[in-house]
Amino acid sequence: MSLLLLLLAAPAEATEITLWHAWRGEERTVLEAVTADYQAAHPGDHIELVFVPYESLASKVEAAVPRGNGPDLFIFAHEKLSDWASNGVVLPVGPLAETDRLHLALAGPLRPDDPAGWRPLGKPVYQSDSPNLFIPEDHDAYGWPLATKCLALFYNRALVPTPPATTDDLLALAASLRDDPIHPTRWGFAWEATSAYQNAPWMHGFGGGVFDADAQVRIDRAENRAAFDFIQQLSALGPAETSGSLVTQLFNEGKVAMVPNGPWFLGEIEPKERGGPDFAVAPLPTVSSTGLKAAPYMTLEVLFLARASHGNNPGTPEQEALARDYAAYLQSTEVARRRAIEGRQIVPHVVIDDPVLTAFQTASESAVAMPTIPAMAQTWEPLARAFRRLVRGAATPEQAAAEAQTTWTIVSRPEAPTVDGRPYAAVLAAGLLAAAGWLIHKAYSLRVWRHWREYLWIAPGGLAVALLVIAPFLVGASVSLFEVAGSASDGTWRFIGFQHFLDILLDRDFPLSDPSTRALSFWYTLAVTIVWTVANVVLHVGIGVFLAMMLREPWVKLRGFFRAALILPWAIPNYITALAWKSMFHQQFGAINAVLALLGIPPVSWFASWSTAFAANVATNTWLGFPFMMVVTLGALQSIPREVEEAAEMDGASGWQRFRLVTLPMLKPALLPAVILGSVWTFNMFNVIYLVSGGEPDGSTDILVSQAYRWAFTRGHRYGYGAAYAVIIFGVMLVQSRVLNRLAGKKVV
Amino acid sequence: MATLSFRGVQKTYGKVQVLHRVDLEVSDGEFIALVGPSGCGKSTLLRCVAGLEEITGGDLLIGDRKVNDVAPKDRDVAMVFQSYALYPHLTVRENMAFALRLIKHPETDTRVDEAAEMLGLTPLLARLPKELSGGQRQRVAMGRAIVRRPKVFLFDEPLSNLDAALRQQVRVELRRRHQLLRTTTLYVTHDQVEALTLADRIVVLNGGVVQQVGTPDELYFDPANKFVAGFIGSPSMNFLNHVGPDVLGVRPNDVLIEPVAAEWQIPGEVEFVERLGFEAMVHLRIGEGPRAETLMARVEGEAPTAGDRVKVRFARSYRFEKVTGARMRTGEGASR
């Protein structure tokens with residue numbers, strides 16, 4: 001009895017808080033260890049640690065916290081603070097000075113009426129003179145910074161005895177370490193030359209950057225042009241078409257002497273005993289012409305206080321007090337040391353004797369905190385596009401900088417004005433009334449009430465379709481009538497009517513006539529999509545039918561084996577295939593250019609021109625698509641009596657005539673639905689476009705779905721615009737299926 | 001029109017020999033039926049003539065031309081398949097015109113119209129095969145062969161998918177048409193009635209070996225061996241093993257049941273009787289103990305009833321060698 005009382009009483013007295021984090025490996029181990037220590041010192045309090053994968057943590061927080069189901073504390077990068085603070089997902093934790101233990105701070109908007117909204121936030125205090133950063137003395141801070149992440153220079157000690165101190169040293173080393181200027185197999189320096197994040201150090205080092213002193217985006221200026229020129233020089237000395245995984249692989253194989261990378265790279269380097277490089281880490285070099293450090297972006301790992309732990313929400317004052325005390329504990333020098341030593345975290349103010357961590361600490365001293373304002377999110381793609389053109393020599397530094405600025409202007413063009421929603425609401429109401437009237441009329445004429453038992457049987461299915469298909473579709477479609485949080489600086493939905501549709505269909509922002517931005521135009525993308533669909537379906541059917549006919553020939557040995565082998569491409573998840581083909585099309589290391597080299601054909605830079613990039617996409621998707629057509633054809637061939645073909649043979653038809661006049665017409669009933677399905681799949685084949693060409697060159701091989709994706713997620717979160725694209729795609733598909741049904745002469749889709 | 005010569009034709013699939021040295025001379029305009037039980041090789045032989053199967057030994061001549069290695073389309077033979085093998089996506093006219101259109105024959109339409117008229121297909125020319133009855137499909141298949149005016153017609157059990165009444169009707173039409181066209185014809189069937197009524201000569205095949213070639217009368221009245229004797233004629237011949245040293249073959253209509261005592265009578269007992277209207281099949285048992293045998297008699301008019309003791313006499317009988325089944329012409333008699 002007393003035990004029962006104890007059990008009942010216990011929850012009321014103990015204070016329990018939940019912490020969500022995405023730390024793994026050593027970081028997670030140390031977090032669990034120090035938390036256990038904390039609890040041992042505070043009996044009765046309980047801190048529940050919940051691991052959430054990094055990719056889903058932010059969206060889970062955004063979904064759960066407003067509904068009161070979220071954690072009390074969570075650890076995440078600082079980048080999304082702007083949204084979270086304005087949406088009230090996270091709470092201020094106090095005046096800046098109090099939280100400044102790590103010499104790192106994060107603050108709210110400078111002025112509530114500031115039209116630019118959120119400014120770049122947070123910085124290490126010991127960096128005094130970056131024009132992009134502000135520390136408002138009188139402002140609340142959001143969250144407790146725990147650790148930093150930024151780029152530093154990893155170098156192979158066998159090849160580089162002392163790391164380069166300046167960019168001139170770096171260029172000289174990159175040139176001297178390359179073993180052969182024509183057919184190199186080893187390089188001095190490699191990085192993701194088309195990544196805005198990886199190039200930010202050079203822009204900062206040459207005195208430039210994305211934002212000017214007034215926090216306005218100004219890419220096209222002299223400092224950035226100088227940085228672009230340096231990037232072009234440096235990339236010419238490195239391997240072609242560098243991706244993150246390629247750089248990692250080359251460094252591990254000792255084929256690249258130096259790479260810039262973050263602390264996460266430590267886990268990707270092969271250990272020395274397994275043949276990995278003998279590496280060391282140093283800060284990035286100083287830019288020779290300016291004397292400034294090449295300053296990478298820095299991301300802060302921040303412990304955030306979620307709104308749920310405060311005031312009106314489920315959280316109690318005791319819970320908030322515990323959360324604050326625990327946060328102070330995690331930040332304390334003693335625990336920070338453990339996090340640095342045991343968890344391999346970069347904690348700037350902790351002095352420890354570890355060359356790698358010390359190098360990162362030094363690097364983060366001159367780093368620039370990643371800005372959090374929405375304008376930043378809109379610069380990634382314009383910059384990446386400029387770097388791609390720069391690196392493959394399609395643009396001079398001047399052109400690239402100017403183009404980046406132009407593209408940014410397009411991407412960040414003003415939002416559509418709010419319109420009065422009442423006329424729309426009236427029309428909608430009238431439409432709903434009419435629909436309701438029609439439904440009731442239908443119900444009467446079908447005498448639904450007499451069959452209510454039968455309708456009960458289909459109700460679960462109908463409900464599922466309504467919830468899983470119709471409702472999401474309607475929500476998605478209605479988003480297209482709004483400018484939505486993420487693009488709007490105040491984070492609300494504004495009704496704008498059919499403005500997005502007009503913008504898209506009338507090509508208002510990037511007319512077809514302008515070749516530099518044409519690839520963003522809807523009609524251009526639609527044309528590419530149609531060519532893409534037709535080319536693929538023709539090849540899928542052609543190859544599929546040809547192989548199926550071959551597999552029937554009695555002289556083909558091992559038919560069972562071939563049948564199984566040829567279906568394999570279909571059985572493998574398509575993104576894996578797409579990634580494999582992407583690497584096969586690599587200019588320097590790809591299998592396809594290697595085969596061409598055997599034939600004496602010079603290497604092709606597949607993603608540098610529209611036709612080759614498009615061909616690469618089509619080749620990949622054909623590989624993925626022909627097995628389906630082959631299987632359908634094999635099945636259909638089973639049902640064609642051999643005697644009919646023999647009859648044609650007796651009637652004097654040649655092999656080709658037999659196929660064209662007899663077999664193919666008989667395959668038609670089975671092939672047509674397959675062709676229609678295949679064209680629908682191909683029309684929306686996001687994975688191949690996104691993973692193989694990635695829209696290269698310059699978005700010209702994007703199809704409608706990948707374009708919609710980019711508008712929604714990589715060009716500053718214009719969800720409304722993206723949703724309008726999706727609705728238009730739906731419309732196009734609807735028309736397409738009608739047309740194909742007409743062609744088929746019956747209802748297939 | 002042409003003659004057709006098989007000279008030692010053989011066909012093997014891997015190690016299995018399905019045709020053993022077939023020798024046969026078909027004269028111009030002759031109607032030859034190939035009969036035999038399932039798997040005897042008759043369809044294979046037909047397909048060898050069509051060119052759909054390659055022969056693995058011997059020579060095959062159409063006219064004077066050796067066609068061993070000639071492609072089907074160059075042999076100038078037409079085939080009517082058991083399933084008819086009509087082109088399902090083409091109309092009756094297009095089906096019949098198919099071969100001629102391939103060579104852009106100038107008389108395509110007239111020939112199709114003629115054939116359609118002859119076969120009564122004129123009102124159906126615009127229809128698809130699926131809109132036709134079985135008999136109509138069969139005629140389209142025939143028409144498709146006729147319009148080509150080939151040297152040789154090949155028929156692979158063309159009537160087996162028809163019902164009994166229709167089969168008899170089409171059989172008569174076939175016979176009439178052959179008398180009209182006089183095209184050399186090879187006709188595969190497992191139905192001996194078709195073979196006996198249609199063919200000028202019949203080839204009996206068993207296990208890939210030709211058992212006998214002859215006119216219907218020759219085969220019926222003068223079978224070369226026990227197999228032919230048993231295969232031709234319905235109901236089949238009775239074989240008695242214990243009457244005499246050899247196998248004695250007696251057709252049911254040669255079994256006479258005599259109520260009165262006479263010479264050469266064998267006592268027997270009626271087991272049961274199948275009545276078929278004007279005639280009856282009487283199943284008899286003769287002999288005693290281990291030497292007891294059953295035989296069937298075909299009786300017109302009044303028949304005995306089960307359990308009756310009767311005397312049996314044979315109007316005509318055949319003798320076959322016990323082991324090989326070869327015909328032994330000595331000692332056969334009109335009665336015994």
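Just the heavy atoms: all of them, side chains too, but no hydrogens, waters or symmetry mates, feed the values below. Protein chains get the first letters and strands the later ones, always in sequence-line order, with residue 1 at the start of each.
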Problem set entry | Phe546(A) atom CZ, neighbour heavy-atom count above 12 within 6.0 Å | no

For this session: Quick one: closest heavy-atom pair of Ala647(A) and Ala85(B), and the distance?
Result: CB-O, 3.8 Å

Exercise. Hey, is OH on Tyr575(A) packed in by over 12 heavy atoms from elsewhere, all under 6.0 Å?
Worked result: no

Seminar exercise, completed: Closest non-hydrogen contact found for Gln82(B) with Glu643(A) is N-OE1, 4.3 Å

Problem set entry | Enclosure of Glu117(B) CD (heavy-atom neighbours >12, cutoff 6.0 Å) | no

For this session: Go through Ala78(B), Ala145(B), Pro72(B) and name the one with the most non-hydrogen pairs under 4.5 angstrom from chain A.
Result: Pro72(B)

Problem set entry | Heavy-atom proximity to chain A below 4.5 Å, by part of Ile103(B) | neither

Seminar exercise, completed: Heavy-atom nearest pair, Leu102(B) first then Leu661(A), reads CD2-CD1, 3.6 Å

Exercise. Going through the checks in order, is the side chain to side chain contact (heavy atoms under 4.5 Å, CB included) test met by Phe98(B) and Val662(A)?
Worked result: CA-CA 10 Å; Phe98(B) 189 86; Val662(A) 178; 3.8 Å; yes

Seminar exercise, completed: Applying a strict 4.5 Å limit to non-hydrogen atoms, the region of Val80(B) in contact with chain A is neither

For this session: For Glu646(A) and Arg47(B), run side chain to side chain contact (heavy atoms under 4.5 Å, CB included): C-alpha distance rounded to whole Å, both residues' side-chain angles, the deciding distance at 0.1 Å, then the answer.
Result: CA-CA 10 Å; Glu646(A) 287 176 348; Arg47(B) 291 169 61 84; 2.7 Å; yes

For this session: Determine whether more than 12 heavy atoms belonging to other residues, nucleotides or ligands lie under 6.0 Å from atom CG of Asp64(B).
Result: no

Exercise. Tyr87(B) side chain to Met666(A) main-chain N or O, any donor-acceptor pair under 3.5 Å?
Worked result: no

Problem set entry | Gln179(B), CD atom: more than 12 neighbouring heavy atoms under 6.0 Å | yes

For this session: Please check if atom OH in Tyr13(B) has more than 12 non-hydrogen atoms from other residues, nucleotides or ligands closer than 6.0 Å.
Result: yes

Problem set entry | Option from Lys73(B), Arg144(B), Met79(B), Arg101(B) for which side-chain contact (heavy atoms from CB on, under 4.5 Å) with Asp651(A) holds | Arg144(B)

Exercise. If you take all heavy atoms of Glu649(A) and Leu52(B), which pair is closest and at what distance?
Worked result: OE1-CD2, 3.6 Å

